[in-house]
Amino acid sequence: SLGGFGRESGGKNQPGNNSMDFTLTGYSSTESMSEFIDGKYKMTEIADNAWEIAFNGNYVFINQELATYNELGLNSKIILEDSNGTTYEFEVIGIYEENDSDESSMSRLSNSLNTIITNAKALIEIDNGNETITGKINPTFVIDDYNNAEKIQDAFYEKGLDETYIVETNEEMAEAG
């Protein structure tokens with residue numbers, strides 16, 4: 001996990017150099033941002049050019065509570081540090097919040113408060129060769145017609161995907177929604 005969250009302003013770290021663990025989630029496109037598509041998260045602030053730059057470079061979307069706690073806003077720079085002392089600088093281009101649900105406020109807090117959303121390229125760059133970070137990749141593919149889902153699943157294995165990996169669809173969930 002990454003920690004060592006601090007905000008830079010005028011060359012010095014502001015408020016208090018907080019050290020926390022984070023979940024860093026990377027997406028390759030807007031179509032794969034399932035929490036936003038499903039309505040779990042919604043943007044409260046977003047940079048004008050966010051969707052043009054979001055999937056290339058070191059840019060992040062952060063939770064509103066995380067932003068408030070650390071006095072961060074759009075264009076703020078954040079630094080994440082791994083346990084080896086390697087640092088990664090990101091710019092905040094969006095702030096999101098979790099939509100109200102039937103869950104308790106403590107559950108919502110633990111779900112997304114420390115989730116930082118970036119792009120898949122940045123996530124892979126951080127994870128590559130870094131033994132101190134536990135990485136898990138959940139690729140998402142968007143298809144227009146579930147009639148092709150089985151063909152696509154078969155194609156993954158034919159192209160060499162190891163059969164220890166599971167290819168699943170969310171067809172039941174999509175049809176219910």
Side-chain angles (χ1 to χ4, degrees), residues 1-9 11-99 109-143 156 161-162 165 167-168 170:
S1 60
L2 296 171
F5 193 166
R7 179 178 76 132
E8 286 192 348
S9 174
K12 64 180 187 175
N13 287 333
Q14 302 275 330
N17 248 349
N18 302 309
S19 182
M20 307 170 151
D21 285 335
F22 296 93
T23 298
L24 195 59
T25 301
Y27 292 103
S28 59
S29 69
T30 54
E31 291 83 11
S32 63
M33 298 179 80
S34 57
E35 291 88 356
F36 293 95
I37 293 168
D38 298 342
K40 180 178 177 182
Y41 299 160
K42 66 180 176 183
M43 287 291 175
T44 58
E45 295 180 53
I46 190 162
D48 290 337
N49 63 341
W51 300 120
E52 296 156 18
I53 63 174
F55 302 104
N56 292 302
N58 289 356
Y59 301 102
V60 293
F61 300 100
I62 62 172
N63 180 286
Q64 177 67 54
E65 292 177 73
L66 186 64
T68 300
Y69 179 76
N70 288 283
E71 298 178 13
L72 297 168
L74 295 180
N75 305 313
S76 292
K77 304 283 192 239
I78 63 171
I79 297 173
L80 302 177
E81 182 178 49
D82 66 23
S83 61
N84 289 331
T86 304
T87 58
Y88 308 91
E89 182 175 288
F90 290 87
E91 181 178 335
V92 177
I93 60 170
I95 298 173
Y96 70 92
E97 66 182 9
E98 200 162 333
N99 276 322
L109 255 172
S110 63
N111 283 340
S112 68
L113 175 61
N114 289 340
T115 297
I116 298 173
I117 299 171
T118 188
N119 61 74
K121 291 178 186 176
L123 192 60
I124 290 168
E125 184 178 310
I126 291 170
D127 190 46
N128 271 347
N130 192 325
E131 295 174 9
T132 65
I133 296 176
T134 302
K136 179 174 110 177
I137 298 175
N138 291 323
T140 301
F141 297 90
V142 179
I143 59 175
F156 282 121
L161 180 66
D162 189 308
Y165 293 101
V167 179
E168 299 176 314
N170 66 345

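Small disclaimer: the values here were computed from a predicted structure and weren't measured.
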Closest non-hydrogen atom pair, [X] against [Y]:
| X | Y | value |
| --- | --- | --- |
| Ile62 | Ala67 | CD1-CB, 3.7 Å |
| Ala122 | Gly57 | CB-O, 4.0 Å |
| Ser28 | Ser32 | N-OG, 3.6 Å |
| Glu31 | Ile37 | O-CD1, 3.1 Å |
| Ile117 | Met33 | CG2-CE, 4.2 Å |

Measuring from [X]:[atom1] to [Y]:[atom2], what's the distance to the nearest 0.5 Å?
| X | Y | atom1 | atom2 | result |
| --- | --- | --- | --- | --- |
| Leu113 | Glu98 | CG | CD | 10.0 Å |
| Thr118 | Tyr88 | OG1 | OH | 12.5 Å |
| Leu66 | Thr115 | CG | OG1 | 9.0 Å |
| Ile126 | Thr86 | CD1 | OG1 | 10.0 Å |
| Ile93 | Ile46 | CD1 | CD1 | 6.5 Å |

Check whether any side-chain heavy atom of Thr23 lies under 4.5 Å from a side-chain heavy atom of Asn114, and answer yes or no. no
Within a strict 4.5 Å, meaning less than it, do heavy atoms of the Gln64 and Glu45 side chains meet? yes
By salt bridge (Lys or Arg N to Asp or Glu O under 4.0 Å) - contacts of Glu91 (at least two apart): Lys77
Under 3.5 Å, is there a donor-acceptor pair between the side chain of Asn119 and the main chain of Tyr59? no
Could you go through Glu89 and Asn58, starting from their C-alpha distance and side-chain angles, then the distance that decides it, and tell me whether this counts as side-chain contact (heavy atoms from CB on, under 4.5 Å)? CA-CA 7 Å; Glu89 182 175 288; Asn58 289 356; 5.6 Å; no
Non-neighbouring partners of Glu125 that pass side-chain contact (heavy atoms from CB on, under 4.5 Å), sequence neighbours left out: none
In a check of side chain to side chain contact (heavy atoms under 4.5 Å, CB included) between Ile116 and each of Leu24, Val92, Thr25, which one passes? Leu24
Residue list, ring-ring contact (aromatic ring centres under 6.0 Å, His included) with Tyr96, at least two apart or on another chain: Phe36, Tyr41
Mark yes when over 12 heavy atoms from residues, nucleotides or ligands other than Asn49 sit less than 6.0 Å from its CG; otherwise mark no. yes
Begin from the C-alpha positions of Phe61 and Ile95 and carry the test side-chain contact (heavy atoms from CB on, under 4.5 Å) through to its verdict. CA-CA 5 Å; Phe61 300 100; Ile95 298 173; over 6 Å; no
Test ring pair (Phe, Tyr, Trp, His ring centres under 6.0 Å) on Trp51 and Tyr27; report intermediate values, then the result. CA-CA 12 Å; Trp51 300 120; Tyr27 292 103; over 10 Å; no
